**Q** 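Please see the structure below; I have some questions.
To find a chain, count down the sequence lines: A is the first, B the second, and so on, and within it residues start at 1. Computation of the quantities below employed the complete heavy-atom set of this structure, encompassing side-chain atoms and omitting hydrogens, waters and symmetry-equivalent molecules. Small disclaimer: the values here were computed from a predicted structure and weren't measured.
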There are 2 protein chains.
Amino acid sequence: MDGEAQPIALLDGKEDRYGGVEVNLMEVEPMTAEDFNAKLDVSLKAWKDQGKKGIWIKLPCELLSLVDIAIKKGFTYHHAENEYVMLTSWISDLPSTIPANASHRIGIGALVLNKNREVLVVQEIDGVFKGTGLWKLPTGVIQEGEGIWAGAVREVKEETGIETRFVEVLACGESHQSFLERKTDIYFLCELEPSTFEIKKQDSEILDAKWMPIEEYVKQPFIQNRENFRYMANICLKRSQEEYLGFSTVLTKNLTGKESYLYCNTDHADFLNGKLDHASTSLFRKCFCLT
Amino acid sequence: MDGEAQPIALLDGKEDRYGGVEVNLMEVEPMTAEDFNAKLDVSLKAWKDQGKKGIWIKLPCELLSLVDIAIKKGFTYHHAENEYVMLTSWISDLPSTIPANASHRIGIGALVLNKNREVLVVQEIDGVFKGTGLWKLPTGVIQEGEGIWAGAVREVKEETGIETRFVEVLACGESHQSFLERKTDIYFLCELEPSTFEIKKQDSEILDAKWMPIEEYVKQPFIQNRENFRYMANICLKRSQEEYLGFSTVLTKNLTGKESYLYCNTDHADFLNGKLDHASTSLFRKCFCLT
C-alpha cells in the first residue's frame, strides 16, 4: 500500500507525415519482455485514442525476443535487413495505406561498342547461362542508393576492367518472380562509351571476356531462338548503325534536394541541358505527320 | 550402452543454380530448438565439405524462436515479408555473391490528356504535398508482380475513376532514400489515353480531382519553382503539342517463358510490332547528321 502505481510510460515514437508513429528501438536501453509488453499495450491504446493509423517498430537483432510479443498484438513483419527487422500494424478503421516493401531489383545490361563496331561480351562462371556458350553483354545489379547509370559503369569496370561513360538508356524490360519469389527485376539496357580497351576480366564471376563483331554477337543461336533476346540484340544492332534513339540523362534535384538524374528522350535532354534549341525528332515526326 | 547414437539427419535443402542450398521450413513438422540446433550444426558441416556457398533458410512467424539459433551460427536476415523471414549465410571462402534484397520501389506518374488538351489532376488528402495547393498528376506505386503500364492504368482508375489505355513511357527518374531508409524510388512518367471522362474520385486518399488546361498545370508556382518538376512538366507540355517521343511497349516472353513487356523507342517498337518498315526517327537523325 505505497499509494498509487506509477503510470507506465509510452514507447518513444516519432510522428510521420501520414498520421503514423515510428518507434525506433535500435539505440535504446535494453528492455525486458515484460516492460515492452506493458508499454506497447498502453502506447497502442493512446495512439488509437489520438487517431493514429500506421505504427512502425524497428528492432535490432539483439531484441528478437520482443518480435513475438508485437506479433501477438497484431503486428506483422514489414521488411528486414541484415541487422534489423521492421514491424508494422495498422490501427485505424480506414483502409490501410502502409507503403509496400521494396518490390523490385534493378538490373542493367551494358552495350559497349568500340570504333570497329565490336561489342564487349562476357561468359559467366555460374548462373542461368552456364554451359550455354552464350557470349552476353556485361550485366549486373544496381546497389542500394546507386544510380542506374553509375551502376552500369561500375559493373562494366568490375567485370571487364574497361572504363566507360554513360551515353543512353536504350530500353527497359521486366522479369517477374525472377530472383526472389515475389519480386520483379527491371533491367535497363544502357549504352556506354569506352575510354579504355584492354580487358582485365574479374576472376570470381567471369569465365572469359572479349570484343566481338556486333553482327556475330547478334547471330548467336541462343539469341536468335529467344524473342526477347532477339529484340534486345536488334536494338543493339540498330544502335551500332546509328539508327536508334534512347533516353539520356538530365541532372536535377529530387524533392529532398539531393542530386538525381532524369532519363528522357535524348533530343529533349539535349534541349533541357541547353545543347539544342528544340527537339529535332519530334519536329520531324510532326512534319511527316507520324504523330 | 545401447550401441551407437543415431546419426542426426541433415536439414532438408534444395540445391540452387549458384552452388547454394535453400532450406524451406514453411511447411515442415514443428521442430524443437534443440532439434534445429543439432541439425543445423551437422548440415553446415556437410555443406561446407561439399563446397556449398550460400545457405538460405526460410522460416514462418511461428518458428521465430529458431531465428536466434541461426543468427548465433553466422546467419543474418536477408529479407522478411508479412508471414516469413529469410535468413542467409555465406559459408565459402570465395567472395559472397548472395543476391541483394529488393532495393527499389517503382512509382508511376500518369499524364492523361483529353481532346481539349486538359490534363487529369488531383489533390491528395495526406502526404508531402498536403497543404501546398498543388494540382498534381495521379501517382502511385507498382504492386508486387504487376507491370509498369498495368499499374499506371490501375492507379488512374482507382484515384479518379477514369478508364485509360497505356501509350508511352515519357521519362523516368530516381529518388534515393525517399520511402524507406535505404531504398530508392524509380518513377516512370507514363502517358495514358482516356476512354472515359467523368471523374469519380477515391474518397480515402484524394481530396479533389479535375481536368485542367495543360498550360495552367505547368504554370503552377510549386512546379515552376522546382527544377525537376519543371522538367517533367515541360515534357508533358511538349507531349501535348506532339513534340515529344518516348518508349512504348513490345509484348514478348522473359527467360522463364512468362509474358513480359519490353519498353523501347516508339518508332522501333512500331518496327518490332510490325507496324513500320523501319524506324523513322533514327533515319531522320542520320539524314540531318545529328548522330
**Q** Given the options B:I142, B:T88, B:L170, which has more heavy-atom pairs under 4.5 Å with chain A than any of the others?
**A** B:L170
**Q** Do B:T184 and B:H104 come within less than 4.5 Å of each other through their side chains, counting heavy atoms only?
**A** yes
**Q** For the interface with chain B, which of A:A80, A:G147, A:C61 has the highest count of heavy-atom pairs at distances below 4.5 Å?
**A** A:A80
**Q** Give, as side chain, backbone, both or neither, the part of A:L251 having an atom under 4.5 angstrom from any heavy atom of chain B.
**A**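 Contact with chain B: backbone only.
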**Q** Measure distances from A:V169 to the heavy atoms of chain B and classify the residue's part below 4.5 Å as side chain, backbone, both or neither.
**A**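 Both the backbone and the side chain of A:V169 come within 4.5 Å of chain B.
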**Q** Highest number of heavy-atom pairs under 4.5 Å with chain A: which of B:T76, B:N228, B:T249?
**A** B:N228
**Q** Is the closest side-chain heavy-atom distance between B:R154 and B:Q143 below 4.5 Å?
**A** yes
**Q** Quick one: which of A:V85, A:L87, A:L189, A:V67 has the most heavy-atom pairs under 4.5 Å with chain B, could you say?
**A** A:V85
**Q** Do you know the tightest heavy-atom contact between B:L94 and B:W90?
**A** O-NE1, 2.7 Å
**Q** Quick check: does any side chain N or O of A:E174 sit under 3.5 Å from a backbone N or O of B:I148, one acting as donor and the other as acceptor?
**A** yes
**Q** So which part of A:K53 gets closer than 4.5 Å to some heavy atom of chain B, the side chain, the backbone, both or neither?
**A**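 For A:K53, the contact with chain B is made by the side chain alone.
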**Q** Is chain B contacted by the side chain of A:K238, its backbone, both, or neither, given a heavy-atom distance below 4.5 Å?
**A**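 A:K238 touches chain B through side-chain heavy atoms alone.
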**Q** Could you tell me which portion of A:I235 (side chain, backbone, both or neither) has an atom closer than 4.5 angstrom to a non-hydrogen atom of chain B?
**A**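 Answer is both: backbone and side chain atoms of A:I235 are under 4.5 Å from chain B.
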**Q** Which atoms of B:E146 are under 4.5 Å from chain A, going by heavy atoms: the side chain, the backbone, both sets, or neither?
**A** backbone
**Q** Could you tell me whether a side-chain N or O of A:Y263 sits under 3.5 Å from a main-chain N or O of A:W149, the two making a donor and an acceptor?
**A**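 Flag set: sc A:Y263 to bb A:W149 pair under 3.5 Å.
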**Q** Where the side chain of B:N265 meets the backbone of A:L245, is there a donor-acceptor pair that is under 3.5 Å apart?
**A** yes
**Q** Most heavy-atom pairs under 4.5 angstrom with chain B, which of A:C172, A:A269, A:G19, A:S65?
**A** A:C172
**Q** Which pair of non-hydrogen atoms, one from B:K253 and one from A:E227, has the smallest distance, and what is that distance?
**A** N-OE1, 4.0 Å
**Q** May I ask you to name which of A:Y18, A:F75, A:F247 has the most heavy-atom pairs under 4.5 Å with chain B?
**A**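 Looking at each of A:Y18, A:F75, A:F247 in turn, A:F247 comes out on top.
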**Q** Taking the six-membered ring of A:Y84, is the NZ or CZ of A:K58 close enough (under 6.0 Å from the centre) and on axis enough (within 45°)?
**A**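 Yes, cation above the ring, under 6.0 Å and within 45°.
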